[in-house]
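When reading the values below, keep in mind they use all heavy atoms of this one structure, side chains included, and skip hydrogens, waters and symmetry mates.
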Amino acid sequence: MGTGAGEFGISRIVRLMPAYWVSVLLGAAVYASFHLGKGVPGLVVPNLTMLQGGLGVGNVDAVYWTLWVEVHFYFLAALLAAAGITYRSCLVFMALWLFGGVFADESGSKLLQVMLVPTWSPYFVAGMALFMIHRFGPTLLLWGYVAVSWLLALHWGAWRAGHVFRTADERVVAAAVTAIFAVMILVATGRLARLRWRGLTVLGALTYPLYLTHSQVALPLLDRAYPALPRWPALALLTAACLLVAYAVHRLVERPAGAWLRAGLKASLAPLRAAGRGTAAPVHALPLPLPRSPSAHDDLNEPPAAEPRAADPRAAEPQAAEPRAAEAPGLLRPSPH
């Protein structure tokens, strides 16, 4: 079976939220202690939901805007997971998203533009296509998705340079976008498989907490480190401090909190799964024990007999010959971090 919407949602919550909550609270602490940044209570509370972008509320840290773009993708990906993730459904999903984004821009529909984020969707679609190339092998159709996504990314990059970052050079933006696609193509086709240094795994794990906390760490340190120290020693000090905080968040927060969240959220889905099978959920799978009225036949010294498990009707279903894209974890995880 492929990953369902519930499992997909759990994976995203576990991955994103623990470090994010620490980052928001760190911003509040920096503001309370040094009056730096934007960690005021009126922003901290809505920011803890990660929904402030849709509420029209400012971010405690400027980098959070990318997370709101990701949330759009995760919502759409959850709909795909609910329908069933297969090789074919992913191809259809990517085509609908690419064309839907162009139609949203053409029609000027605010709702469609908000839902489909057409200025950013090419990166997500390209990420999905490149993962499928990596997982199942290259095809002309998949390379077509990558090429169209690259061209759309160039278009929206040039638009952004002219309308959002007005001092940006379109040629530099195009070169940067092309370089990003080139690196990801090398990864998808295995051309960088020789890079086996174990430290890359640690650095990869630190990218997300470092991305979230580096600004909050640097704010109180920057004025004290520079110009008291020369430029390069001050930069080295700030870099070391940011990496240290990111490592602490990863080891002390992400790992234990992620395990706790995963277990609790999976237990929360147990009654839903049991209802789908037409059986009662075992008590130990529920988040909290359910109270039960004692009867005259209860023996308080003996546990109740286990309820017989109903046969899973899905076990008799024939296996589809179509490859299932969700067999590899992380299909829908094109994270910028």
Side-chain angles (χ1 to χ4, degrees), residues 1-17 50-51 54 67-105 107 109 111-137 139 141-146 148-149 152 188 262 265-279 281 312-335:
M1 297 297 293
T3 301
E7 290 78 6
F8 175 76
I10 289 174
S11 71
R12 296 299 81 205
I13 292 173
V14 169
R15 177 69 183 98
L16 296 179
M17 297 310 293
M50 203 184 280
L51 303 178
L67 299 176
W68 183 237
V69 175
E70 283 193 47
V71 168
H72 288 70
F73 167 67
Y74 295 145
F75 176 79
L76 296 175
L79 296 180
L80 173 63
I85 301 178
T86 67
Y87 191 96
R88 179 180 299 173
S89 67
C90 286
L91 293 178
V92 173
F93 174 83
M94 292 187 293
L96 290 177
W97 198 3
L98 282 178
F99 279 98
V102 175
F103 296 157
D105 182 63
S107 67
S109 170
L111 176 61
L112 290 178
Q113 290 176 3
V114 168
M115 292 292 296
L116 301 177
V117 284
T119 66
W120 298 110
S121 60
Y123 299 99
F124 295 108
V125 173
M128 292 178 64
L130 287 171
F131 177 82
M132 295 174 72
I133 288 173
H134 173 75
R135 178 66 176 82
F136 301 109
T139 67
L141 179 58
L142 290 176
W143 283 123
Y145 278 110
V146 175
V148 172
S149 298
L152 287 176
R262 186 182 300 276
L265 291 173
K266 283 188 174 182
S268 300
L269 293 181
L272 181 62
R273 294 182 181 131
R277 293 194 299 264
T279 61
D312 190 343
R314 295 172 296 179
E317 293 179 2
Q319 296 295 322
E322 181 183 10
R324 302 193 72 86
E327 288 174 352
L331 167 63
L332 303 176
R333 301 180 186 175
S335 176

>> For a quick test of reading the model, state the closest non-hydrogen atom pair linking Asp105 to Gln113 and the distance between them.
In response: CA-NE2, 3.9 Å
> By side-chain contact (heavy atoms from CB on, under 4.5 Å), which residues pair with Ser149, not counting sequence neighbours?
Replying inline: Leu98, Pro122, Val125, Ala126, Phe181
> Where do Ala78 and Ala5 come nearest, in terms of heavy atoms and distance?
Replying inline: O-CB, 3.6 Å
> Rounded to the nearest 0.5 Å, what separation is found between the CG atom of Leu67 and the CE atom of Met17?
Replying inline: 9.0 Å
>> Angle between ring planes, Phe136 versus Tyr87, binned at 30° and 60°: parallel, tilted or perpendicular?
In response: perpendicular
>> Just to verify, which of Trp120, Phe93, Trp97 counts as forming a ring pair (Phe, Tyr, Trp, His ring centres under 6.0 Å) with Phe73?
In response: Trp97
> CD1 of Ile13 to CE of Met50: how many Å apart, nearest 0.5 Å?
Replying inline: 9.5 Å
>> Does any part of the side chain of Phe124, heavy atoms only, come nearer than 4.5 Å to the side chain of Met94, both counted from C-beta?
In response: no
> Partners of Trp68 by ring-ring contact (aromatic ring centres under 6.0 Å, His included), sequence neighbours excluded?
Replying inline: His72
> Is the backbone of Gly84 close enough, under 3.5 Å, to the side chain of Ser89 for a donor and an acceptor to pair up by distance?
Replying inline: yes
> Looking only at heavy atoms, which two atoms of Leu112 and Ser109 are closest? And how far apart?
Replying inline: N-OG, 3.2 Å
>> Please report the interatomic distance CZ(Arg12) to CZ(Phe8), rounded to the nearest 0.5 Å.
In response: 6.0 Å
> Distance from Leu116 atom CG to Leu76 atom CG, nearest 0.5 Å?
Replying inline: 6.5 Å
>> Please evaluate residues Leu152 and Tyr123 with respect to the criterion side-chain contact (heavy atoms from CB on, under 4.5 Å), reporting the C-alpha separation (whole Å), side-chain torsions for both, the decisive distance (0.1 Å), and the verdict.
In response: CA-CA 9 Å; Leu152 287 176; Tyr123 299 99; over 6 Å; no
>> Distance check, rounded to the nearest 0.5 Å: Cys90 atom SG versus Met128 atom CE?
In response: 4.5 Å
> What pair of heavy atoms forms the shortest contact from Pro118 to Gly101, and how long is it?
Replying inline: CB-O, 3.4 Å
> Please walk me through it: do Ile133 and Val146 pass side-chain contact (heavy atoms from CB on, under 4.5 Å)?
Replying inline: CA-CA 10 Å; Ile133 288 173; Val146 175; 4.2 Å; yes
> In Å, rounded to the nearest 0.5 Å, how long is the span from CG of Leu96 to CZ of Phe103?
Replying inline: 9.5 Å
>> As a quick check of understanding, evaluate side-chain contact (heavy atoms from CB on, under 4.5 Å) for Phe75 and Met115, giving each step before the final call.
In response: CA-CA 9 Å; Phe75 176 79; Met115 292 292 296; 3.5 Å; yes
